Amino acid sequence: MNFLKSPLSFYRYLPALLISAMLTGHAAAQEEVEPTVVALFGDSITVGFNAGYQVTDGNGTTQGGFPTIYLNNLFAAEPKRTVIVANWGRGGTSSGFGEQVIKDTLNDNTAMYSGKKYYVLIMYGTNDANIEIDSSTTAFNVGMMITKAKESGYTPIVGNLTPRDDQLGEIQARNPKIRDTAAAFGAPLVDHYDRFWNYPGGWTNLIDPEVGSFDGVTRRLHPNNTGYFEIAQNWFDSVLAAAIEPDPLPPPIIMVPIISLLLDD
Amino acid sequence: MIKYLARSVALFSLLLAFYSSAVFAGQAELYWIEPGAEHRIMSSEWNGDLWSAPRMVYSSENSLTSLAMVTDLDGAKLMVWSERFKARVVLMKMQRAPNATRWANAALFSDLGNENMGTSMVVDRLNRIWLFWSADLGELADVYLVRRSKQGWSEPERVHGSNQVPDIRPQVELDQDGNVLVNWQSYSMVAGRYLTSNRVFKLENPLQNGYKSGTREQVEMSIGNIALPEFLPNNVVALAHYPFNRLRQAERLDFNRRTAP
């Protein structure tokens with residue numbers, strides 16, 4: 001087939017040829033992207049627990065819980081980033097617990113998910129007052145988690161605590177110390193409290209009253225789905241979007257060899 | 001004759017089993033902080049068969065934590081808890097006289113540190129109350145002790161050396177010789193985790209001091225001997241108090257909670 005002898009035929013097939021070449025080049029570029037791994041590490045708020053999601057442990061899931069899902073969506077949106085989001089939240093746990101298990105958890109995460117770079121999003125402290133951990137100890141434990149995360153080859157990012165109506169004073173006492181600790185240990189801080197507190201209509205629009213499945217008591221503690229979206233968006237906007245580069249664009253389309261093939265009888 | 005002996009042995013065995021395992025009224029009390037936006041301290045007593053209906057002992061608009069209870073050898077009760085007043089967490093107290101049914105009004109007990117938490121108390125054989133708690137005096141938490149004797153309450157003293165790590169959650173009991181044993185969690189930078197530290201305060205010569213024994217002979221009570229009431233919420237700050245125990249006089253109930261340390 002000689003397209004130069006049949007210019008109309010040539011132009012008829014050109015769009016299809018161009019599209020197939022672009023897709024071939026794009027597919028070749030995608031297969032080569034090594035993922036970045038982001039581990040979520042915290043308590044039930046990290047898990048994404050609420051009235052509609054009664055799971056207590058993340059167990060490294062890459063699909064369960066709105067914190068996981070919303071972050072996945074943000075990374076998948078253009079410009080796309082190839083990221084594995086693994087949820088290691090454990091409901092009801094304290095900063096002391098997190099400090100104790102972070103190294104083992106991150107080692108498990110590394111074993112499960114291979115990547116070119118590893119991040120851990122640390123958000124701990126909302127349960128501490130219930131087991132008599134004072135705010136300075138919460139901050140100390142967060143500092144130890146930052147240190148241990150770095151020793152495990154992870155880049156730690158710290159999130160402060162969202163409001164709760166039964167222990168607001170405990171949250172407000174801990175957040176400044178968490179902020180200072182993150183700065184002292186060289187980890188970025190993502191201010192979830194501020195995002196919730198200044199949300200249009202107030203933070204109660206992001207945290208519904210719920211009857212505790214463990215104790216039957218009504219309180220505002222776990223974010224609703226919109227609240228979890230705000231947390232995910234905050235992680236992304238504050239640190240992750242800049243820290244994790246978008247996937248490389250596909251290589252430019254090389255037309256000359258294709259035209260040569262088309263002209264070849 | 002043989003039948004008589006057999007019946008006697010059987011009766012004796014039954015009585016022995018009964019007295020060794022039965023739980024008498026008043027041997028156990030539960031105190032807990034009702035979770036939720038309303039902050040209340042609730043109580044219930046074991047009446048020998050059932051737990052009494054929960055009663056509110058104290059309520060506050062401030063968040064509460066860290067309950068400790070003690071009944072001295074005269075039967076007077078002292079309850080201490082942590083309460084947040086804005087940026088500070090102080091120790092508050094309430095007392096109840098022997099055989100009284102009502103508690104006296106709550107009052108401030110200590111504002112030693114910025115945050116005072118993790119209280120634990122015991123009565124020794126000289127009827128002194130030992131109160132341990134953790135307090136941060138501007139830096140990290142340390143464990144402190146005050147003692148109540150006939151002369152009143154002592155000044156707070158730190159129970160360990162100066163360090164740069166948290167020392168938290170003391171737990172105190174007596175040993176068989178009447179010595180005061182306290183253990184707490186202290187972070188070890190070498191081990192990279194919290195370890196249990198302890199200290200023993202030896203009882204002064206008991207023979208010379210003629211210490212009082214318990215009000216009646218009892219097998220040491222534990223919450224494992226009886227079922228918890230169904231009305232007790234899970235995952236709450238709760239304390240089991242044993243007024244007639246002479247060794248472990250209270251236990252924190254940290255059930256349904258994964259904690260470390």
Side-chain angles (χ1 to χ4, degrees), chain A residues 43-44 56-57 90-104 124 127-145 147-148 151 164-174 176-177 181 204 209-221, chain B residues 32-39 61-68 82-89 113-120 133-141 164-170 185 187 189 192-194 231-237 252 254-261:
Chain A
D43 49 44
S44 57
T56 56
D57 286 358
R90 292 177 176 91
T93 53
S94 69
S95 67
F97 179 87
E99 189 280 332
Q100 179 177 295
V101 304
I102 188 169
K103 267 199 166 176
D104 286 342
Y124 254 119
N127 294 316
D128 282 12
N130 290 341
I131 62 162
E132 300 155 345
I133 292 178
D134 62 283
S135 61
S136 65
T137 302
T138 298
F140 177 89
N141 291 338
V142 169
M144 292 299 102
M145 282 189 261
T147 299
K148 290 184 175 182
E151 290 172 353
R164 56 186 291 178
D165 66 350
D166 59 340
Q167 294 185 2
L168 189 59
E170 300 297 338
I171 302 296
Q172 292 171 337
R174 280 163 175 74
K177 294 182 180 179
T181 295
T204 53
E210 66 185 64
V211 178
S213 56
F214 291 125
D215 56 25
V217 173
T218 302
R219 61 167 67 84
R220 291 181 188 269
L221 169 57
Chain B
W32 68 96
I33 295 173
E34 194 87 332
E38 296 179 9
H39 309 284
E61 58 185 17
N62 303 314
S63 63
L64 310 174
T65 189
S66 301
L67 276 174
S82 300
E83 183 163 343
R84 179 170 286 282
F85 288 88
K86 295 186 180 177
R88 302 195 68 196
V89 179
N114 294 319
E115 295 187 359
N116 298 269
M117 301 177 76
T119 48
S120 182
W133 80 103
S134 64
D136 67 323
L137 276 65
E139 295 184 359
L140 294 172
Q164 299 300 314
V165 294
D167 294 85
I168 58 174
R169 304 194 84 206
Q185 300 299 303
Y187 196 85
M189 297 302 289
R193 58 189 176 93
Y194 285 91
F231 55 69
L232 182 67
N234 286 332
N235 217 39
V236 294
V237 175
R252 288 192 183 95
D254 284 342
F255 49 91
N256 279 345
R257 186 180 303 127
R258 285 168 285 186
T259 61

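For clarity, every value in this text was computed on a predicted model and none was experimentally measured.
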The interface call for A:K148 against chain B, heavy-atom contacts under 4.5 Å, is side chain

Ranked by heavy-atom pairs below 4.5 Å to chain A, first place among B:E34, B:E115, B:R88 goes to B:E115

Counting only heavy atoms from other residues, nucleotides and ligands, does the tally under 6.0 Å from CD of B:E139 exceed 12? no

When the 4.5 angstrom heavy-atom criterion is applied to B:Y187 and chain A, the contacting part is side chain

Answer key: most heavy-atom pairs under 4.5 Å with chain A among B:G118, B:G113, B:A87 is B:G118

The reported gap from CD1 in A:I133 to CE in B:M117 (rounded to nearest 0.5 angstrom) is 8.5 Å

Of the listed B:N116, B:I33, B:L140, the one with the largest count of heavy-atom pairs under 4.5 Å with chain A is B:L140

Cut-off 4.5 Å, heavy atoms of chain B, and the answer for A:Q172 is neither

Minimal heavy-atom distance between B:S63 and A:E170, with the atoms involved, is OG-OE2, 3.4 Å

Between A:G169 and B:R84 the two heavy atoms that sit nearest each other are C-CD, 3.5 Å

query: Would one find more than 12 heavy atoms of other residues, nucleotides or ligands at under 6.0 Å from atom CZ of A:R164?
result: yes

When rounded to the nearest 0.5 Å, the distance separating CD of A:Q167 from CG of B:N62 is 12.0 Å

Cut-off 4.5 Å, heavy atoms of chain B, and the answer for A:S135 is both

Correct closest heavy-atom pair for B:A141 and A:S136 would be N-OG, 3.9 Å

Scanning both residues in full, the closest heavy-atom pair of A:I131 with B:R169 reads O-NE, 3.1 Å

Okay, B:E61 and chain A: the region with an atom under 4.5 Å from a heavy atom over there is neither

The reported gap from CG in A:D128 to CD1 in B:I168 (rounded to nearest 0.5 angstrom) is 8.5 Å

Q: With the side chain counted from C-beta on, respond yes when B:Y194 and A:T137 share a heavy-atom pair under 4.5 Å apart, and no when they do not.
A: yes

Going by heavy atoms in the side chains, are A:E132 and B:T65 under 4.5 Å from each other? yes

